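Notes for the one structure printed next.
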Protein chains: 2
Amino acid sequence: MTAAKNDKLTIRDIAALAGVSAGTVSRAMNGQPGVGASTRARIAEIIAEHGFRVDPTARQLSTGRSRTLGVLFPLHASEVVLHPVYPALLGALGDAAERAGYDLLLLTMSGQKSAHVLDTVTRRRVDGVVLPAAGARDPIIKQLVALGAPTVLIGHRSTLPGVGWVDCTHDVAAAELTQLMLDAGRRSLVLLNGPTHVSACKLRSAGFWSAIKAAGDISARETSVPFDTAAAAAAALDLLRGDNPPDAIVCASDTIAAGVLDAARTLGLSVPDDLAVSGFDDRSFAVHTHPALTTVRMPLHDTGHAAAHMLFAMLGDEPLTSRRIILPTEVVIRDSTPQP
Amino acid sequence: MTAAKNDKLTIRDIAALAGVSAGTVSRAMNGQPGVGASTRARIAEIIAEHGFRVDPTARQLSTGRSRTLGVLFPLHASEVVLHPVYPALLGALGDAAERAGYDLLLLTMSGQKSAHVLDTVTRRRVDGVVLPAAGARDPIIKQLVALGAPTVLIGHRSTLPGVGWVDCTHDVAAAELTQLMLDAGRRSLVLLNGPTHVSACKLRSAGFWSAIKAAGDISARETSVPFDTAAAAAAALDLLRGDNPPDAIVCASDTIAAGVLDAARTLGLSVPDDLAVSGFDDRSFAVHTHPALTTVRMPLHDTGHAAAHMLFAMLGDEPLTSRRIILPTEVVIRDSTPQP
DNA sequence: CCGGTTTACGCAACCGGTTGCGTTATCTTG
DNA sequence: CAAGATAACGCAACCGGTTGCGTAAACCGG
């Protein structure tokens with residue numbers, strides 16, 4: 001057996017084996033100067049032979065670094081995993097962390113109980129924090145920067161100094177979809193937006209209106225509904241039965257779009273001929289709706305990856321990169337909009 | 001300000017404030033005997049006033065416990081979060097951990113690179129491990145028990161001594177669905193199963209065949225396909241075009257069932273009149289297919305919850321419970337099977 | 001009021017690494 | 001070859017808690 005088990009070796013055991021002091025072993029392991037070449041080689045050999053691994057807890061206690069990144073959601077964990085985009089972000093962050101030799105600590109925060117999270121950061125159980133669900137109003141962001149914790153936001157373009165963020169082009173995607181509707185001859189559009197305090201929804205609104213403004217004489221409205229299929233269906237029924245019913249509805253999420261499809265079916269409208277519908281998120285069910293949903297795929301894997309590496313750069317592990325990154329989205333055209 | 005910030009207080013600072021030794025503060029904090037009532041009260045007051053919090057790293061170094069539970073997936077993180085059931089389990093585990101004051105460390109393991117994971121366990125960065133994706137063949141399970149790590153499996157009924165597990169009644173659910181088909185008069189059934197090495201698929205097969213056997217003179221077959229809509233569609237086309245085409249297909253997942261629905265549509269078959277179809281998992285898209293899918297909802301939240309508390313019991317935090325738990329499933333009847 | 005037990009608390013070692021500083025050995029260079 | 005510079009390494013303190021053991025004071029019954 002070479003580098004197998006034999007647990008619980010300490011650095012002083014290795015030092016004794018090599019006939020040196022513990023400090024020398026530590027320096028040799030960490031590639032620091034002050035160790036002779038032959039000694040270094042001998043120590044490396046002994047470490048490999050006995051399968052010694054440093055105790056991360058002890059190292060952390062003396063260095064103050066844990067090689068762990070925290071992923072913080074101001075939600076219950078069970079809410080996180082049901083979300084359309086958070087799980088994918090978490091997965092990408094996990095991949096990047098594993099590849100960089102970091103561990104991933106999942107931090108959840110029900111309500112405003114930030115004490116435990118701040119404590120975890122203060123005590124350096126995590127070296128930095130990614131917030132994939134950061135809202136503009138969350139006080140936790142300011143608290144984290146006040147603590148000096150390297151912080152990266154996803155989906156919220158904060159202006160706070162020191163914090164980095166990664167976001168994607170919600171506005172461009174919304175504009176593209178809107179233009180798609182206009183190009184197909186639709187002249188009465190509605191943006192069925194999500195809650196307007198959500199950063200992504202603000203951007204989607206901006207994209208929608210910029211395309212409308214550029215087109216000139218178009219009838220356009222915007223309404224806000226929760227990210228909920230039933231609520232969206234009710235809102236869509238109102239719109240479609242009211243004055244000047246829309247011939248195209250741009251929705252801020254696939255769940256909302258699913259509600260619109262339900263409403264269209266209820267009224268016997270044909271999609272996309274009578275009504276064009278688009279979603280956002282490209283959730284798994286988007287391909288199973290009837291008709292299959294035109295939607296927007298966000299670069300979730302790249303986003304998580306970029307956020308992780310931005311954090312590693314802040315921690316000094318990698319060369320500095322930009323602290324503000326905007327990644328491109330991709331419009332996925334299916335059958336709920338007219339074919340170009 | 002009472003219990004606000006003022007970071008970096010040590011237990012010796014508190015001891016000096018209270019006019020006692022660090023050891024006494026430690027004992028007072030942890031509710032150990034050997035501290036007078038008045039001293040205890042004074043220490044508690046000073047701790048509250050200054051907002052002192054123990055350093056979990058230092059505590060871990062001396063006690064060997066981290067109040068952290070590991071969730072181990074022998075996969076890449078990005079594969080985990082795309083899975084139909086793992087995210088929900090992760091969420092439930094996270095909720096339970098937060099409520100119990102535990103942190104959650106996400107451990108992923110690409111390929112057979114178990115060294116880092118075993119190291120994390122050996123060094124007690126986690127007090128115990130939950131494996132929501134345990135396969136019968138995984139050597140990691142034996143390695144964990146060899147290390148003496150409290151281990152709880154989800155979805156794999158291991159016979160190894162010491163390990164606990166939580167599973168649900170895949171067999172009963174499959175039998176119920178099969179019986180549903182039989183009660184509706186279907187006489188040519190197919191189980192379109194997933195990969196047969198998956199524990200849940202074995203159970204689903206057993207349930208299917210037990211219902212068939214009990215019914216007597218029935219034509220029944222079983223085929224295995226990957227959990228993939230396109231592959232399932234191809235297999236279903238073969239079956240439906242072949243001799244003795246089935247009038248009911250019980251599928252081992254919603255993704256497989258979606259493929260069967262696609263095949264039925266291709267052939268112009270009416271579901272459920274010509275062909276009854278059922279899925280498994282109750283994924284979000286099951287309600288959006290046409291017709292909406294009859295499927296099985298698994299008690300994912302309860303499963304995660306039970307696994308977490310079984311682990312806490314093993315760690316001595318809670319009274320002992322059973323180490324083998326089987327939770328009931330729920331058949332969700334929608335429109336892809338004949339109404340009873 | 002006294003011997004013996006219990007209680008309250010301090011002291012110091014320990015968990016397992018890291019690191020500043022001092023000492024000795026080796027290497028330059030004039 | 002002597003003197004100064006440099007490299008290699010040991011020593012011990014330190015990170016911030018926990019805990020076994022020793023001791024002095026408070027308590028007990030007789």
Side-chain angles (χ1 to χ4, degrees), chain A residues 6-44 46-47 50-68 119-127 316, chain B residues 6-44 46-47 50-68 119-127 316:
Chain A
N6 205 340
D7 34 13
K8 299 299 179 50
L9 277 177
T10 75
I11 203 174
R12 288 173 229 268
D13 295 330
I14 301 299
L17 263 334
V20 296
S21 76
T24 301
V25 175
S26 173
R27 282 180 255 264
M29 284 195 322
N30 299 338
Q32 291 175 8
V35 184
S38 65
T39 310
R40 199 179 287 271
R42 182 157 34 94
I43 290 174
I46 292 176
I47 286 178
H50 292 79
F52 166 76
R53 317 212 66 187
V54 302
D55 184 327
T57 307
R59 171 175 282 175
Q60 179 186 346
L61 184 58
S62 71
T63 63
R65 294 199 44 178
S66 54
R67 283 198 82 81
T68 300
D119 193 41
T120 301
V121 171
T122 310
R123 296 307 192 172
R124 294 280 161 189
R125 285 209 68 190
V126 297
D127 293 336
Chain B
N6 206 338
D7 33 13
K8 299 302 181 48
L9 277 177
T10 77
I11 200 173
R12 288 173 230 268
D13 296 330
I14 301 299
L17 262 335
V20 296
S21 77
T24 300
V25 175
S26 174
R27 281 180 255 263
M29 283 195 323
N30 299 340
Q32 291 175 7
V35 184
S38 65
T39 310
R40 197 179 290 270
R42 182 157 35 96
I43 291 174
I46 291 177
I47 286 178
H50 292 79
F52 167 75
R53 316 213 67 186
V54 302
D55 184 328
T57 307
R59 172 175 281 173
Q60 179 185 347
L61 185 59
S62 73
T63 63
R65 296 199 43 178
S66 54
R67 283 197 84 80
T68 300
D119 193 42
T120 301
V121 171
T122 312
R123 296 307 192 170
R124 295 281 161 188
R125 284 208 68 191
V126 296
D127 293 336

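Naming convention: chains lettered A, B, ... in sequence-line order (proteins, then strands); numbering from 1 in each chain. Only heavy atoms go into these numbers, but all of them, side chains included; no hydrogens, no water, no symmetry mates. The model shown is predicted, which means the values in this text are computed figures rather than measured ones.
One distance of note links OG1 of A:T24 with CZ of A:R40; it measures 10.0 Å at 0.5 Å rounding.
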Taking only N/O atoms, report every protein-nucleotides 20-22 of chain C pair under 3.5 Å with atom names and distance.
residue, atom, partner, partner atom, Å
C:dG20, O6, A:R27, NH2, 2.9

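Remark: P of D:dG16 and CZ of B:R53 are 17 Å apart, rounded to the nearest angstrom. Rounded to an integer number of Å, the gap from CD1 of B:I14 to P of D:dT18 is 13 Å. Atom CZ of A:R124 is separated from atom C1' of D:dG16 by 16 Å (rounded to the nearest Å). For the pair B:I47 CD1 and D:dG17 P, the interatomic distance rounds to 10 Å; values are reported in whole Å. Separating the CD1 atom of A:I11 from the P atom of C:dG16 is a distance of 12 Å, rounded to the nearest angstrom.
Side-chain contact annotation: A:T122 with B:R53, donor-acceptor N/O pair under 3.5 Å absent. Between the side chains of A:S66 and A:R59, no donor-acceptor pair of N or O atoms lies under 3.5 Å.
Bending across the helix from C:dC1-D:dG30 to C:dG30-D:dC1, expressed as the angle between its end axes from five pairs apiece, amounts to 30° (10° rounding).
Taking only distance into account, the side chain of A:R12 meets the base of C:dG17 through a donor-acceptor pair shorter than 3.5 Å.
Checking side-chain atoms of B:Q60 against main-chain N and O of B:R124 turns up a donor-acceptor pair under 3.5 Å. Between the side chain of B:N30 and the main chain of B:R27, no donor-acceptor pair closer than 3.5 Å is present. Panel note: side chain A:D127, backbone A:R65; no donor-acceptor pair is recorded below 3.5 Å. Looking only at distances, a side-chain donor or acceptor of B:D55 sits under 3.5 Å from a matching main-chain atom of B:T57.
If you check every strand for non-hydrogen atoms under 4.0 Å, A:T63 touches sugar and phosphate atoms only. As judged by a 4.0 angstrom heavy-atom cut-off over every strand, A:T10 is placed among residues touching the sugar-phosphate backbone only. Contact annotation for A:Q60: no contact, since no heavy-atom pair falls under 4.0 Å across all strands.
For DNA chain C, none of the residues of residues 33-44 of chain A falls under the heavy-atom distance limit of 4.0 Å.
Mapping B:T24 and B:L61 onto DNA chain D by nearest heavy atom places B:L61 at the nucleotide closer to the 5' end. Nearest-nucleotide mapping onto DNA chain C: of B:A22 and B:A58, the residue sitting toward the 5' end is B:A22.
Of the side-chain N and O atoms in B:R123, one or more sit less than 4.0 angstrom from OP1 or OP2 of C:dG17. Regarding contacts with the backbone of D:dT18, a side-chain N or O of B:S26 is found under 4.0 angstrom from either OP1 or OP2.
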